[in-house]
Protein chains: 2
Amino acid sequence: MSTSANSPYHHGNLRQALLEAALIILEKEGETGLGLRDLARAVGVSAAAPYRHFDSRAALLEALAVTGFQRFSAAMEAVAAGNPADPMAAMGKTYVLFALGNANLFRLMFSPQLKKDGRPGLRMAADVAFDTLRHVVGGDMQTGRARALAAWAKVHGLSILLLDGQIALRAGEDTEALIAEIIGSL
Amino acid sequence: MSTSANSPYHHGNLRQALLEAALIILEKEGETGLGLRDLARAVGVSAAAPYRHFDSRAALLEALAVTGFQRFSAAMEAVAAGNPADPMAAMGKTYVLFALGNANLFRLMFSPQLKKDGRPGLRMAADVAFDTLRHVVGGDMQTGRARALAAWAKVHGLSILLLDGQIALRAGEDTEALIAEIIGSL
DNA sequence: CTCCTCATGTAAACAATGTCAACATCCGCC
DNA sequence: GGCGGATGTTGACATTGTTTACATGAGGAG
């Protein structure tokens, strides 16, 4: 029996439940709205229980961001494998769509808060993600480095500007079309 | 006499003093480190005093971000006026250098927190800044819209990636040179 | 000049939050 | 069968943003 009707003293698999509930709250309420007490209540556990699995709220956030980077990497590899002809364009589109589809998670991944205090796990996950990205893009970061960085900057900037609502859609304009158009324009 | 030895009951010009001290603390400690009580203490005033000039901490942050956008606009117009030949490149470089020179202020300007709750003042200041930017870039947003947005995205993304330390400098590499190189690569 | 008003500042309190220490419960291994 | 450590609970503490009631004094009305 996993979760019996009367709440058992031991949750069985907290940590995972915390992370899942945290992800939902994060996307719905934003990083600020994700309080440890609310989270604990949502999972049906006391306020101090999360501390058995995460050293602090920042550690919880870090774990969340790490899963975000893993998911991000997976999406990137998948789309690159699916479009062997022109992986760059496909990856750029996926990059932006990932940001739009996981807005608050994406913001958390690049949160200055988290990297302010050490957080080596986050740094590692980010490095892994971008290393695979670099690897897929093509081997020579020597010669085409500036071009690769420019492409990355453009895609990342587009993601954030769209996320912040800074780039407004025109009447009857399609988001994906706009993304493709901007990415396409060198 | 500006600040007399015995602190007068009325500060004279709080609000301005608050904003200036807040800007210093912001750049030194980050947005999280900017607490209302610390700020009040830094200015030599009680913890509740700021509420006579700002409805909430968010309002204080908003005012700070607004000044940031004004300063940003001024820098942009100045550099555009100074380089009539090729304003685009000069503005791009200034854009990135502004972000690097006012890291936490720049982050605050694009903080999702602030725009989450109305904050029409911030929205207005941002629109004004980007309108002048659009105006300088060139009239036809109709035809060259995608190109303009792509340039904006590239510059903005480069700013954030550099800010977050995501783009690492190589040994003996100059920041400005890297910026110019990336901006130059279409 | 005097007085009175209102903007500005203070003090004390409240609710909420992250966090910790002391205690309770129970899973799994000898 | 019993014991130990992992896991969860309770209660408390410090800190923060914020509000309410009160204090101060600058500056105009008479």
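Labels below follow one simple rule: chain letters A, B, ... track the order of the sequence lines, proteins then strands, and each chain is numbered from 1.
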d([atom1], [X]; [atom2], [N]) in whole Å:
X: Tyr51(B); N: dT16(D); atom1: OH; atom2: P; answer: 12 Å
X: Ile25(A); N: dT17(C); atom1: CD1; atom2: P; answer: 12 Å
X: Leu39(A); N: dT19(C); atom1: CG; atom2: P; answer: 13 Å
X: Arg15(B); N: dG9(C); atom1: CZ; atom2: P; answer: 12 Å
X: Leu34(B); N: dT16(D); atom1: CG; atom2: C1'; answer: 13 Å
X: Asn13(A); N: dC27(C); atom1: CG; atom2: P; answer: 15 Å
X: Leu18(A); N: dG8(D); atom1: CG; atom2: C1'; answer: 12 Å
X: Leu36(B); N: dA11(C); atom1: CG; atom2: P; answer: 17 Å

Residue pair Arg170(B), Glu181(B): steps toward the salt bridge (Lys or Arg N to Asp or Glu O under 4.0 Å) verdict: CA-CA 14 Å; Arg170(B) 286 175 170 170; Glu181(B) 193 183 5; over 6 Å; no
Testing dT16(D), dT9(D), dT19(D) for proximity to the side chain of Arg37(B), the answer is dT16(D)
Please tell me which of the listed nucleotides, dT10(C), dT9(D), dC20(C), lies nearest to the side chain of Val45(B)? dT10(C)
Mind telling me whether Phe110(B) and Phe69(B) have parallel, tilted or perpendicular rings, with 30° and 60° as the class edges?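 Rings of Phe69(B) and Phe110(B): perpendicular, over 60°.
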Under 30°, 30 to 60°, or over 60°: which ring-plane class applies to Phe72(A) and Tyr95(A), parallel, tilted or perpendicular?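 Perpendicular.
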Closest nucleotide of DNA chain C for Asp38(A) versus for Arg52(A): which of these residues is on the 5' side? Asp38(A)
For dG9(C) and His53(B) - does any side-chain N or O of the residue sit under 4.0 Å from the phosphate oxygens OP1/OP2? yes
Check whether more than 12 heavy atoms from other residues, nucleotides or ligands sit under 6.0 Å from atom CG of Asp117(A), and answer yes or no.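 For Asp117(A), atom CG is crowded (more than 12 foreign heavy atoms under 6.0 Å).
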